[in-house]
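Naming: A, B, ... by sequence-line order, numbering from 1 per chain.
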Amino acid sequence: LLAKLTEGLPEEKRRYFEEFAELFEEKPPEPRILAVDIEVYTPVETRVPDPEEAPYPVISVALAGSDGLRRVLVLARQVELGNLRSLPEGCTVEVFDSERALLLELFRVVGSYNVILTFNGDSFDLPYLINRALNLGIGRELIPFEVVEDLVTVKHGVHIDLYRFFDIEAIQNYAFGSAYKEKTLDTIARALLGEAKVEIEVGVSVLPLCDLVRYNMRDAELTLKLVLGNGKMVWRLIVLIMRISKMGVEEVTRRRVSAWIKSLLFWEHRRRGYLIPNQSDILAIKGEVKTASKLGKRFAGAIVIDPVPGVYFNTTVLDFASLYPSIMVVWNLSYETVDPPPGLCRKLEDVRDESGRILHRVCMDFEGVTPQMISIFREFRVKVYKKLAKDRTLSEDLRSWYDVVQSAMKVFINASYGVFGHVSFPFYTPSLAESVTAIGRHVITSTVRIAERYGLRVLYGDTDSLFLWNPGPESLNNLIREVSEKFKLEIEVDKNYKHVVFALKKNYVGVKEDSSVDIKGLMGKKRNVPEIVKSVFTQVVEALKSIEPSPSSVDVVKERVKESVRTLYVKLKNRDLSLEDVAYKNELSKELGEYKSEGPHVKAAKMLLAYGRQVRPGDIIYYVKVRGREKVKPIQLARIDEIDIDEYVKVARSTLEQLLAPLGVSWDEIAGALSLDLYVRGRGS
DNA sequence: AACTGTGGCAGGATAC
DNA sequence: GTATCCTGCCACAGTT
């Protein structure tokens with residue numbers, strides 16, 4: 001495959017391919033890995049002990065090793081023993097009457113593993129262990145961990161904090177397709193392994209010993225499985241990113257994709273003997289942008305076509321395969337090729353936006369580093385590794401390795417454009433980022449014009465996609481052929497919708513041939529909408545699946561909605577719900593003091609703080625709407641009987657109207673009849 | 001002094 | 001990275 005891939009290429013480029021191939025073919029190392037999780041005593045359940053002070057004893061430590069080790073070390077305390085039958089299977093439990101002995105045993109075990117895994121170990125488990133050991137008079141030389149800048153490392157090996165790894169946006173979005181949204185051990189394990197933490201009703205400090213062991217062991221096991229489960233997928237991904245980026249394991253698992261790409265590009269520069277420019281020098285020559293349009297934005301982005309509201313049957317979605325990276329390859333866009341200083345380039349090409357205006361010029365004398373990297377990854381990914389990942393003649397283990405190889409490349413390809421628009425990236429080049437989006441706009445608007453010339457009806461489009469209403473196969477093929485030839489970009493049919501409902505930009509519902517449903521952007525999908533409203537939304541979507549092109553079919557949907565809303569009303573009125581059902585979930589994106597306006601989740605967070613609970617940026621605040629002056633309360637401080645029913649009816653209305661309006665159904669039509677109906681029923685009961 | 005309406009903006013979440 | 005949606009705060013003006 002490699003020979004085929006590099007056929008006809010110049011010697012130098014062939015060598016690049018060969019060198020990369022080695023990185024992808026070399027088997028991953030299999031070090032001894034140990035997952036560690038600790039539980040700490042705390043007098044106040046809601047308060048997490050400060051790891052700098054480490055004032056309270058470590059009451060339990062669970063260890064799960066790649067060699068099958070399953071051990072829990074517990075401290076003997078005055079608590080219930082609990083049910084011995086609830087102890088996890090295949091696990092050794094040792095009870096210590098000295099915390100010092102417990103920690104020393106832990107340190108001894110840690111010493112025989114190369115890779116230590118934790119979830120949140122950088123900010124809690126390991127600093128706590130270090131400081132607790134010091135407090136107990138254990139010498140530093142006996143403690144296997146040490147703090148280095150913003151991480152905690154293992155003296156004889158490496159430490160991977162999975163919280164930090166899964167927190168990396170590129171990992172979350174590209175490698176796992178946004179499968180998990182909240183970054184807790186429980187939510188990530190549920191999403192990736194289908195397993196959950198052990199549920200406990202009370203804090204760990206008062207938990208019966210056997211339950212504590214079970215709870216602790218599960219956490220360590222989940223931590224280990226997140227790395228070694230699914231055919232060691234995560235471990236392999238880490239290894240591949242290390243090889244591609246030329247970074248160590250502790251950096252790769254803690255730094256963002258821009259750091260990986262930086263490292264890769266620095267390496268490439270050095271191997272070719274190029275000078276690495278200063279950021280300020282790039283900015284001085286290539287910093288000028290011409291499309292700074294909106295407040296807070298540095299350059300213009302993509303085009304979103306205003307959808308024609310309504311319900312459409314038989315709609316085909318076309319899209320460009322990784323549009324931005326492909327544009328960078330075809331137009332040779334790289335920080336060193338865009339807007340070269342006068343006299344340094346013989347062959348220049350114009351970068352035009354959708355209006356034909358020339359924004360920048362690109363040098364075509366030589367291939368830029370970025371396009372070269374992208375095209376190598378793309379070639380390998382499409383022509384080699386996607387195929388090998390599906391090759392039935394290979395062992396399952398090998399196929400899954402190749403699948404990780406292709407997804408590692410995907411991460412680098414997808415991130416290749418964004419980093420150049422990021423101020424802190426060492427190769428930050430505004431004119432480059434602006435050129436990519438301008439060409440993107442040019443490509444999509446030209447494609448719309450060509451589609452219309454073939455008599456195709458464009459219903460909607462966003463950045464790199466076009467939704468075509470009931471296209472004739474011939475016109476469709478003509479469009480695809482003409483556009484691929486004109487731009488040298490791959491455009492293909494992505495999917496067909498049996499029917500699709502449009503209302504607003506970035507908001508639609510489409511039902512595919514197999515009755516699976518795509519819901520984009522609608523409120524009912526967002527995490528900040530309470531569960532109780534989401535479930536009504538889901539019911540209405542179910543009804544939409546079966547819709548046919550007839551008025552009676554719309555009536556059926558109307559009835560279903562009415563029924564769902566009625567149930568919601570009754571539930572709310574009877575307060576037949578849990579606080580979780582009505583909770584809004586919002587992320588606290590910064591420190592409380594940094595907020596300019598006090599939104600509901602900020603207000604709720606402040607109440608939690610006043611109550612003595614820690615709140616940090618990144619925390620998801622759960623709050624409910626209550627009657628009275630405060631209007632909101634954090635879920636921990638609220639009671640069911642304070643819930644403000646009207647607020648929930650309001651949010652149900654706005655959420656469902658997004659589905660109803662395109663069907664020509666008004667809310668009043670449903671709620672008007674409903675309130676009378678409820679009134680009569682209410683009297684009846 | 002308390003309330004109501006309004007437009008601008010902050011903030012969160014999503015699409016691509 | 002930008003584009004877009006929705007909610008709710010906030011300042012201000014006008015009314016009771």
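- Here the closest non-hydrogen pair linking A:Met409 and A:Tyr385 is CE-CD1, 3.6 Å.
- Between A:Lys506 and C:dC6, a side-chain N or O to OP1/OP2 separation shorter than 4.0 Å is absent.
- Defined by atom type and a distance below 3.5 Å, a donor-acceptor pair is present between the side-chain atoms of A:Ser326 and A:Arg378.
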Stepwise, does the side chain to side chain donor-acceptor pair (under 3.5 Å) test hold for A:Thr316 with A:Asn496? CA-CA 4 Å; A:Thr316 297; A:Asn496 283 300; 2.6 Å; yes
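- Contact check, A:Tyr508 against B:dC16: a side-chain N or O comes under 4.0 Å of OP1 or OP2.
- At least one side-chain nitrogen or oxygen of A:Lys590 sits closer than 4.0 Å to the OP1 or OP2 atom of B:dG11.
- Rounded to whole Å, the distance from OH on A:Tyr584 to P on C:dC9 is 11 Å.
- Comparing C:dC5, B:dC16, C:dT2 by their nearest atom to the side chain of A:Thr463 picks out B:dC16.
- Taking atom CD of A:Glu591 as the reference point, atom C1' of B:dA10 lies 18 Å away to the nearest angstrom.
- Between the side chains of A:Ser516 and A:Asp514, at least one donor-acceptor pair of N or O atoms lies under 3.5 Å.
- Side-chain N/O atoms of A:His601 include none lying less than 4.0 angstrom from OP1 or OP2 on B:dG11.
- Distance CG (A:Leu522) to P (B:dA13): 17 Å, rounded to an integer number of Å.
- For C:dT4, the OP1/OP2 oxygens have a side-chain nitrogen or oxygen of A:Lys505 closer than 4.0 Å.
- In this model, the phosphate group of C:dT2 is not approached by any side-chain N or O of A:Thr437 to a distance below 4.0 Å at OP1 or OP2.
- Position along DNA chain C of the nearest nucleotide to A:Asp306 versus A:Tyr324 favours A:Tyr324 as the more 5'-ward residue.
- Distance OH (A:Tyr180) to C1' (B:dT14): 17 Å, rounded to an integer number of Å.
- Within residues 413-422 of chain A, no residue has a heavy atom under 4.0 Å from DNA chain B.
- The shortest distance between the side-chain N/O atoms of A:Lys181 and the OP1/OP2 oxygens of B:dA13 is not below 4.0 Å.
- Among A:Lys526, A:Arg616, A:Arg527, the one residue that satisfies the salt bridge (Lys or Arg N to Asp or Glu O under 4.0 Å) test with A:Glu587 is A:Arg527.
- Rounded to whole Å, atom P of B:dA13 lies 10 Å from atom NZ of A:Lys183.
- Both tests do not hold together for A:Lys410 against A:Phe412: distance to the six-membered ring centre under 6.0 Å, angle to the ring axis within 45°.
- Looking at heavy-atom distances under 4.0 Å, A:Ala433 makes no contact with the nucleic acid at all.
- When each of C:dC6, C:dA3, B:dC16 is scored by its nearest atom to the side-chain atoms of A:Lys297, the top-ranked nucleotide is C:dA3.
- Counted by atom type alone, A:Thr538 and A:Ser535 present zero donor-acceptor pairs between their side chains at under 3.5 Å.
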